[in-house]
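We name chains A, B, ... by the order of the sequence lines, and we start the count at 1 in each one. The structure displayed is predicted, hence computed values, not measured ones.
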4 protein chains.
Amino acid sequence: MTGDRQPGRPRSEAVRQAILAAAADELTEKGYAALTVEGIAARAGAGKQTIYRWWPSKADVVLDALLEAAASRISIPDNGTLRADLTAFLAATFRQRSQRPILVGLMAEALLDPVFAQQFRDRFLFGRRAALRGILDRAAQRGEISADVRIELLIDVVYGVLWYRLLLDHAPLSEAAGRELAALVVRAAGQQVS
Amino acid sequence: MTGDRQPGRPRSEAVRQAILAAAADELTEKGYAALTVEGIAARAGAGKQTIYRWWPSKADVVLDALLEAAASRISIPDNGTLRADLTAFLAATFRQRSQRPILVGLMAEALLDPVFAQQFRDRFLFGRRAALRGILDRAAQRGEISADVRIELLIDVVYGVLWYRLLLDHAPLSEAAGRELAALVVRAAGQQVS
Amino acid sequence: MTGDRQPGRPRSEAVRQAILAAAADELTEKGYAALTVEGIAARAGAGKQTIYRWWPSKADVVLDALLEAAASRISIPDNGTLRADLTAFLAATFRQRSQRPILVGLMAEALLDPVFAQQFRDRFLFGRRAALRGILDRAAQRGEISADVRIELLIDVVYGVLWYRLLLDHAPLSEAAGRELAALVVRAAGQQVS
Amino acid sequence: MTGDRQPGRPRSEAVRQAILAAAADELTEKGYAALTVEGIAARAGAGKQTIYRWWPSKADVVLDALLEAAASRISIPDNGTLRADLTAFLAATFRQRSQRPILVGLMAEALLDPVFAQQFRDRFLFGRRAALRGILDRAAQRGEISADVRIELLIDVVYGVLWYRLLLDHAPLSEAAGRELAALVVRAAGQQVS
DNA sequence: ACATAATCGAGACGGTACGTCTGGTCTTTAC
DNA sequence: GTAAAGACCAGACGTACCGTCTCGATTATGT
């Protein structure tokens, strides 16, 4: 009746965390582009093989590190109006500016590697979309969103602008920018005049 | 009007084009991630040094190849209404789907290399923004855009959605999608009800 | 008697020998000047890194290959007279004419690279001198060498003539030449008339 | 009757000397191994083509530079005895120790390149041999050299020891060493006891 | 004067090998 | 079986020179 265990030495949780921590440290120190499996292993005091055994690529390690750190999730606000909710959501999102290099690095990786791209979508991006979808769904129930506007498109608009600015870095991701974007989405979602 | 030439053998235009063509070929055959300077040189029948002499990185070669090919620019439509212009513009943009791997590769590079990022912005992205801005400016003169909506934000919305889908590949970039996006932008740009 | 081994995969003896063999083959096929680390690695089916890990330069690889092959050492003859010993020694030395390109190549390298020069002296040339010194020491004990002739100078004479001809290639290194040189050394070593 | 000149711009003597001087300078500064045609051309303010037009390799440039400098030849002494002449000759030779790196470099080149080797022999080494042969021939006429000793072998002994030490650098090339070598050659050349 | 012809500086060009770096895999011993 | 260590094959990196080539400019000879 004992919980069936497979034979052999069990995976070390300590090692796993050491690797994730090492990845995070290397990242903040040198940036994503200079990240190497070799470097992570060396800093973690781990063998390269140990990393390859559990993660298919360095991007997956970083993704795990990101998800590990993202325990402090963005809370989904509920202020009664779409504009207020959106503004709060964007402000909370923009506040995590320290994650920018990580997000940008992972996106670069996803662009170059379709296999990782799916991981990134499924384990990270879709989660964020779901949070936003919650806000918009509630707004729709309140009648704040016109029937002929697909909510998925609104999500694309919000995250599209967000990522586009994250990548291009041509415009600020300030709280004011959040307010402006929220206003635009509200306007786009609302009823047409005639 | 002085005809002063610098001394030494002049740069060979034939070689330049051979390299750009080779880069384009390698790209379509193997994809951006598998692109190497070595491979481009070999296919172009050129020395590696010749590439490094004129381009700081493989990304710059690809960018030049892209710009060279983009002689057949997207024409800026003028149909009298914002919705029609936008729909035509997006349709024309989406039609160049063969460029997707190139664009995605270059964006990945820009994310990893800030120096190249500036090149990419200045020589490519800003050019595309300018085209779109032309359409929106005309609409503004016609009074189709509310005074409290910044045109730059509308550009971010259009290209944000476009790039977000290009990168994520979670939604189609079809003509129907173009129509839907155009409608949304028109709605967001238009006069508020009350 | 402790069986302590250092951790990690041990160096592969098979690979070491494959590299030395490949070096020897490339050498006889193309000559020392055309020898490249790249070529050796390719022929040995080894990575370049593996060569650089264990040898500082291609010359050191060749030197090792030479020493490996020189297991069949020149035996030190003992025929009772200096003239007979010297003649036999030189004949044995000259017989290894196939080594000429190797020796010449290594000497060229030693001339251009002081670091390798020391290796070459210590691991090869001094060994040969020692062999000859054995012969001359025995002759000295027999009283065949005048007290006012330094044995080291005699060694320089023998190997000086040998190398000078090896390098210049202006006179044969035949058995007859060996006899003539032996005779001259005996004469130089012998007692003065008055 | 004018010395027929071919048409076209004549070779510039100034450039020729600038190149030889540049080669000599680079040599003393960086050593033979680090010498490059590119470096010589740059320092001389000359084009690479100009060098390749007149010299087949960098070694030939250096050889010309050496011969140019060797206008101050070693005078052939005539003191009446072989021992005195040889001692003086060797002392004069050893005194030019500054030439060591050049000689060693050229010898290395000759070892690696048979075509240059012939140049080096014919234009330099054989000249030196001839000087020594003059001394030995005179000694032979005076009866100082036994009939059964070939003069060419004696030359090999002298230059053999000289080059061997030049290359190996294991023993000094001092005036004392010259006296010792001269004594040995005299002894070897002289009449046998019995 | 003006063509002809060879030289010169400059530097681009196709190549080749360099020595380094990283990626993934494999082979040890220790636990 | 997992882990650290580190050797191994593979192959691209960016650099350095090679020897050749194409420019414009220069400097002579032969009309």
Student: Mind running salt bridge (Lys or Arg N to Asp or Glu O under 4.0 Å) on C:R121 and D:D169 for me, showing each step along the way?
Tutor: CA-CA 10 Å; C:R121 269 201 303 270; D:D169 209 16; 5.6 Å; no
Student: One character per nucleotide, please: for nucleotides 21-27 of chain E, 5' to 3', B when the base has a protein heavy atom closer than 4.0 Å, S when only the sugar-phosphate does, - otherwise.
Tutor: BBBBBBB
Student: Starting at atom CZ of B:R11, determine the distance to atom C1' of F:dT22, rounded to an integer number of angstrom.
Tutor: 16 Å
Student: Should D:L35 and D:K30 be marked as a side-chain contact (heavy atoms from CB on, under 4.5 Å) after you check the CA-CA gap, both sets of side-chain angles, and the distance that decides it?
Tutor: CA-CA 7 Å; D:L35 208 62; D:K30 310 184 191 170; over 6 Å; no
Student: Any chance you could measure C:T50, atom OG1, to C:I40, atom CD1, to the nearest 0.5 Å?
Tutor: 13.0 Å
Student: Here's one to test your reading of the geometry: is the NZ or CZ of D:R16 within 45 degrees of the ring axis of D:W54 and under 6.0 Å from its centre?
Tutor: no
Student: Between D:R11 and D:W55, is NZ or CZ placed under 6.0 angstrom from the six-membered ring centre and within 45° of the ring axis?
Tutor: yes
Student: Side-chain N or O of B:W54 versus OP1/OP2 of E:dC13: is the shortest distance under 4.0 Å?
Tutor: yes
Student: Could you state the CG-C1' distance from C:D60 to E:dG19, rounded to the nearest angstrom?
Tutor: 15 Å
Student: What is the distance, rounded to the nearest whole Å, between atom CZ of B:R53 and atom C1' of E:dG11?
Tutor: 8 Å
Student: Taking only residues at least two apart or on different chains, which pairs with a member in residues 39-49 of chain C satisfy side-chain hydrogen bond (donor to acceptor under 3.5 Å, both in side chains)?
Tutor: C:E26-C:R43, C:E29-C:R43, C:E38-C:K48
Student: Measure the distance from CD on D:E13 to C1' on E:dT7 and round it to the nearest whole Å.
Tutor: 14 Å
Student: Round to a whole Å and report the spacing from CD1 of B:I51 to P of F:dT15.
Tutor: 13 Å
Student: Around atom CD of B:Q17, are there more than 12 heavy atoms from other residues, nucleotides or ligands closer than 6.0 Å?
Tutor: yes
Student: Is it the case that C:K58 places NZ or CZ above or below the six-membered ring of C:F116, under 6.0 angstrom from the centre and within 45 degrees of the axis?
Tutor: no
Student: Does E:dT7 have OP1 or OP2 under 4.0 Å away from a side-chain N or O of D:T50?
Tutor: no
Student: Can you sort out which residues in residues 15-32 of chain A have a heavy atom within less than 4.0 Å of DNA chain E? Ascending by number, please.
Tutor: none
